[in-house]
Amino acid sequence: MSDVNSVTVSGRLTRDPELRQTKSGANVASFRLANNLAKKTNFFDVSLWGRSAETINQYGGKGSWISVTGRLELSHHFGKLQLHGRRQV
């Protein structure tokens, strides 16, 4: 049986999405999503591909409320004497 990695996050865009194309011509939109839970703000970096990327670029803007479903990826890096974590959907 395989593991399942699925997450749904709702919140507001902190900035307008950035649309770019890969070398193979695929569209990718990147943006940050913020949601407030129990007086704490959580931030998620989101990447959408293909038609979804085109749609969020056309209709989404800073402050827009959206909900996304995808895979959650965690990454860590060390800064000046601190461990920094990043959540990406």
Assigning hydrophobic clusters by single linkage (Ile, Leu, Val, Met, Phe, Trp, Tyr; side-chain heavy-atom cutoff under 4.5 Å), is L19 placed with V28? no
V7, I56: one ILVMFWY side-chain cluster at the under-4.5 Å cut-off?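 In one cluster with V7: I56, yes.
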Within-4.5 Å side-chain heavy-atom neighbours: [X] and [Y]:
X	Y	answer
N27	W49	no
S67	V9	no
L13	L33	yes

Do [X] side-chain atoms and [Y] backbone N/O form a donor-acceptor pair below 3.5 Å?
X	Y	answer
N5	L72	yes
D16	K62	yes
S52	L48	no

Rounded to the nearest 0.5 Å, how far apart are [atom1] of [X] and [atom2] of [Y]?
X	Y	atom1	atom2	result
R32	E18	CZ	CD	11.5 Å
T41	N35	OG1	CG	8.0 Å
I66	Y59	CD1	OH	15.0 Å

Write down the atom of [X], the atom of [Y], and the distance for their closest heavy-atom approach.
X	Y	result
A34	T14	CB-CG2, 3.7 Å
A53	A29	CB-N, 3.5 Å
R20	S30	NH1-OG, 2.8 Å

